[in-house]
Q: 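Have a look at the structure that comes next, please.
Since the structure is predicted, the reported quantities are computational estimates derived from the model, not experimental observations. Letters A, B, ... are given to chains in the order of the sequence lines, protein chains preceding strands, and every chain is numbered from 1.
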Amino acid sequence: MSATLTVGVVTFPGSLDDRDAARAVTASGATAVSLWHGDTDLKGVDAVVLPGGFSYGDYLRGGAIARFSPVVAEVIRAANDGMPVLGICNGFQVLCEAHLLPGALVRNAGLRFICRDQQLTVENASTRWTSGYTEGETITIPVKHGEGRYVATADTIAELEAEGRVAFRYQGGNPNGALNDIAGITNAAGNVVGLMPHPEHAIDLLTGPSADGLTMFTSVLKSLVAA
Amino acid sequence: MTPTIDTVGNAEQTPDVEQPFAELGLKDDEYATIREILGRRPTDTELAMYSVMWSEHCSYKSSKVHLRQFADDAPTSDAMLVGMGENAGVVDVGDGLAVTFKVESHNHPSYVEPYQGAATGVGGIVRDILTMGARPIAVMDSLRFGDADAPDSRRLVPGVVAGVGGYGNCLGLPNIGGEVGFDPSYAGNPLVNALCVGVLPHHRLQLAQAKGAGNQVVLLGAKTGRDGIGGVSVLASATFEAGSETKRPSVQVGDPFTEKILIECCLELFDAGLVTGIQDLGGAGLSCATSETAGHGDGGMHINLETVPLREASMTPIEVITSESQERMLAIVEPAKVAEVLALCDKWGVIATVIGEVTDGERLVITWHGETVVDVPPRSLADDGPVYQRPVARPDDEQDALNANGSKTLPRPTTGDELRATLMRMVASPELCSRSWVTEQYDRFVLGGTVLATPNDGGLVRLGDDTTRGIALALDGNGRFTKLDPHDGAQLNLAEAYRNVACTGATPLAVTDCLNFGSPEDPGVMWQFAEATRGLAEACRELGTPVTGGNVSFYNQTGSTAINPTPVIGVLGVIDDVAKRVPSGFTAAGRQIVLLGETHDELDGSAWAWVEHGHLGGHPPAVRLDAEQALAGLLAAAARDGLIDAAHDLSEGGLAQALVEAALINGIGATVALGGDTFTALFSESSARAIVTTDAADALLATAAAQGVPAVSIGTTGGDAIEVEGEFAVSLAELRVAFEGTLPALFG
Amino acid sequence: MARVIVDVMPKPEILDPQGQAIARALPSLGFDNVTSVRQGKRFEIEVDGGDPLDVANRAAEAMLANPVIEDFTVRIED
Amino acid sequence: MARVIVDVMPKPEILDPQGQAIARALPSLGFDNVTSVRQGKRFEIEVDGGDPLDVANRAAEAMLANPVIEDFTVRIED
Ligand SMILES: Nc1ncnc2c1ncn2[C@@H]1O[C@H](COP(=O)(O)OP(=O)(O)O)[C@@H](O)[C@H]1O
Ligand SMILES: [Mg+2]
């Protein structure tokens, strides 16, 4: 039955991990549908992934230009209607710039791009994208970014913490200086999740440090079937 | 610059005008040859084109006679689809797939502006691979700097590394390996060599030819600006001198985003069969792309130069034709397909402009607002440049003294404590310490096909989602061995890259090389070059791995002192099933560690001599190509049959370094018992050796015996220390601090 | 044709690692009396038609600055 | 204590991919009359002692700007 479920993967000019995200969608059992930045409809998909990369070169700020593309307008509309949306790395930046998630991602504290296998604690296992994990579980997922330091006003941080909206936290070393070791967050409804680490690069042991990332893609499928 | 344009008509009427050919780097006789070819004096624009195309960098005038051996003596290989002479060689890897790869230098630009120099070096080699019709799938980089704590290195290392990473990361190409070296001979002249590999279905192969009169010449990509004008001749074909800053061309700035969409756009053009020829714009810009495609076609070409989209309207024809602006390609398109090409480019947001057409004449004619500024036979620019048989002379006094000064007299550690202290200093030295400060700045995951990357011996990528087939690559150079003996040193460099590929479980197939040397006008340097190329050609033939292409970088010196001669060698291998790949790190405790190959007392030119004594002299380790081949055969068989679960080659730093690296990767220690002289066993750099781990030692030793590879079990994996029985033990925690702390402490 | 300058600076309460790194590095070059550095962005934009200041203001608000982390000012180049 | 502004811009002949990316994007947001954008850096530095302009000039030359590809100007904040 899940074979009929479709997950859209958006390609902006400069998206890099779009094929990888599509591969992870396929590995989870859904059908990946590519969406182009200029598309004005979502082709009937059941969920959307905004993948990693450097949309439009990201010279200004990560995601700053991509958020104005026609397809993102549709994603915003759908997300507000409850569609599951996952933003990975650059996709997380787009979600913040588009105000689907609060806060912003700025230059890493070390001022360098960093690529490494990163341990994360799953803090919220009840979102559409994290229900397959157990709360408090440690997973290993690669990070690779130059602008991944999560910042927000003190009020926003307090609100995220109070409402349990921190989805993932860095463990065993914070790679970028993110406030409260925040690696990923969710919106209040739990359908929109953004994170800096790359679950699509952790779907098998041949090409990734673990297969822990696949759970994000299978979680959303289960939630869609249940819905 | 005269405001009026020097036309062909004008040149005919004013034969006696003085021309600044010497300032442009042309010799008297070269200028005379140009006049002879044209039957008149060249126009200003023609002169500029000849000067860049006949520069050392573009024409290979000093190296051509030596490089010929790579083709003439090449081993016969059924795998070779396109050999030397194209933008990059193409190798068949089965299943209808082919692979193309090449390494190229960007040394001098990286010294001038480390970030942009390195970035545009990556951008340039990626376009070479794209030009063959391939999708680029990975990059590697080989970097060399002066002493790690030299002020120059503080400026260059962070900039170069950020530039390699910045461009490759934004392009979405995994970096799967490379090397970083430090030696005072590179102070003031760092080496920045970048490699790219791509994959293509056989039918998508593209060639850089302009065929078919009436076909349109379309320029794709970035607008043309004043970047790097004269860069090729000025920067890469002359020695740096203090105070030469003013001669430096304006720096090329890379735009990886534009390159990314250019790649996607070109691949769609290829797949749709919309182009009949394609060439990247690199060194010498349009001069090179137009003359090479026309020269390799079947007719001539007419370019309307004023139609080239410009960043600055005030550019002169000379500037437009020699600009080295990045992220541009030149496509040859049938008239009926032009509209489709322009539409596809528009979809990607790539600027595409028809700037001329293929003609049935034999001339490359370039006009500027209707006035003819160039009218030349294209091959005279691209192929028929000067060829020099430069004087070659072994610098006997210097070389004999160097070879006579062996390492035998250096004091060696003898007690367990001394050996331990030596090991700790060596693993913490810039020479041998962890490279993760560098490699953490590179994305190795993107594209989802990376099976092995840093810190493994070789990079290994799967060729697609629907195949188990993969390719392995290693990139190696050792300027000290080559300094001691250019012939044997070059062979050892090749052997090391070959061995690294073999350690991944892949079978070595083909070679690319970047030959970094001093000034070709120095007969001693030319001797090094002649010896190195001879050694390389011989070894390639013996190992059955042809050179498919590469690059020569001369004039790497500061003042009159040349760098250590540094051939950087890339070896490509194939593996049928990437799941059989063999990593370098110990993967489990309780495995037997087997040492393959023979260890001799060979410490001249070693990391030990350098790190502990600052010594370089004597003769490099013996070259054992038969043994290398046997070792590679054994490793491939053992990987295929699942006999080994880790393999690490022994090179710089010897067995000691290999054990430390293999242990630290997954935090699994080892206990070894070394017979004979422990010092030699630990630190000798004899070639043709590797360590492997196995839980089927009997089968492995039997296979090794059958294949004639010396093999001996030296211990077992496990624990949280490295222990050399009867000598010393050191915890992994202590080793890790020493190994990993050095580069962060130096570079932040 | 008017040229407008848009200056975008990190909000005072937002950490500025680039500025801090420079402030830390300057003393080693002998610049002891530089006590603080903040790094932002400067845009020079050419506007042809419309009210240039208004156009620049709207462009900054929409895209050039991120109000969560940055403040901006706009002025005609003098 | 003086506050000095250092403006650093890419040299005119040097490619400015950042500015170009913005200039390409603005029209789609309705900013048709923005004809060109160049992006540089702005530093606010506090100098305590010495000749602030001179200090800033030397700091810019040594560290804040990359003279190979960038020009800079220095002024006391008004
Ligand atoms: N060291 C070398 N070994 C083998 N082939 C080489 C070497 N140096 C240059 N070549 C070959 O000579 C040709 C011209 O080289 P190059 O000018 O670097 O190509 P491009 O113009 O595409 O950059 C290429 O086919 C290249 O592979
Ligand atoms: Mg080329």
Q: Where does Phe31(C) contact chain D at under 4.5 Å (heavy atoms): side chain, backbone, both or neither?
A: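 Answer is side chain: those atoms of Phe31(C) sit under 4.5 Å from chain D.
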Q: Please classify the contact between Arg58(D) and chain C as side chain, backbone, both or neither, with a heavy-atom cut-off of under 4.5 Å.
A: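 For Arg58(D), backbone and side chain are both near chain C.
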Q: Would you mind telling me which of Gln18(D), Met9(D), Met1(D) has the largest number of heavy-atom pairs within less than 4.5 Å of chain C?
A: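 Heavy-atom pair counts peak at Met9(D).
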Q: Are Lys41(D) and Asp7(D) within salt-bridge range, i.e. N to O under 4.0 Å?
A: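 Between Asp7(D) and Lys41(D) there is no salt bridge, as every charged N stays at least 4.0 Å from the carboxylate O atoms.
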Q: Can you name the closest pair of heavy atoms from Ala23(C) and Pro27(C) and give their distance?
A: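 That closest heavy-atom pairing would be O-CD, 3.1 Å.
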Q: Using a 4.5 angstrom heavy-atom cutoff, name the option from Asn33(C), Leu29(C), Ile5(C) with the most pairs to chain D.
A: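 Most heavy-atom pairs within the cutoff with chain D belong to Asn33(C).
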Q: Any idea which of Ala59(D), Gly50(D), Ala62(D) has the most non-hydrogen atom pairs under 4.5 angstrom with chain C?
A: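 Going by pairs under 4.5 Å, I would pick Ala59(D).
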Q: Do Glu44(C) and Arg38(D) meet the salt-bridge criterion of a basic N to acidic O distance under 4.0 Å?
A: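 No, Arg38(D) and Glu44(C) are not salt-bridged.
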Q: Using 0.5 Å steps for rounding, measure from the CG atom of Asp71(D) to the NZ atom of Lys11(D).
A: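 That separation rounds to 5.5 Å.
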Q: Against chain C, work out which of Arg42(D), Arg3(D), Glu46(D) has the most heavy-atom pairs shorter than 4.5 Å and name it.
A: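 Option with the top pair count is Arg42(D).
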Q: Under 4.5 Å from any heavy atom of chain D, what part of Leu64(C) do you find: side chain, backbone, both or neither?
A: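 Just the side chain, heavy atoms under 4.5 Å.
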Q: In terms of heavy-atom pairs under 4.5 Å with chain C, which of Val4(D), Leu26(D), Ile22(D) leads?
A: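 Option with the greatest count: Ile22(D).
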Q: Closest approach of Val74(C) and Ala56(C), non-hydrogen atoms and distance?
A: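 Taking Val74(C) first and Ala56(C) second, the nearest heavy atoms are CG1-CB, 3.7 Å.
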Q: Run the side chain to side chain contact (heavy atoms under 4.5 Å, CB included) test on Ile45(D) and Val47(D) for me, step by step, so that the C-alpha distance in whole Å, both residues' side-chain angles and the decisive distance to 0.1 Å come before the verdict.
A: CA-CA 6 Å; Ile45(D) 72 180; Val47(D) 184; 4.2 Å; yes
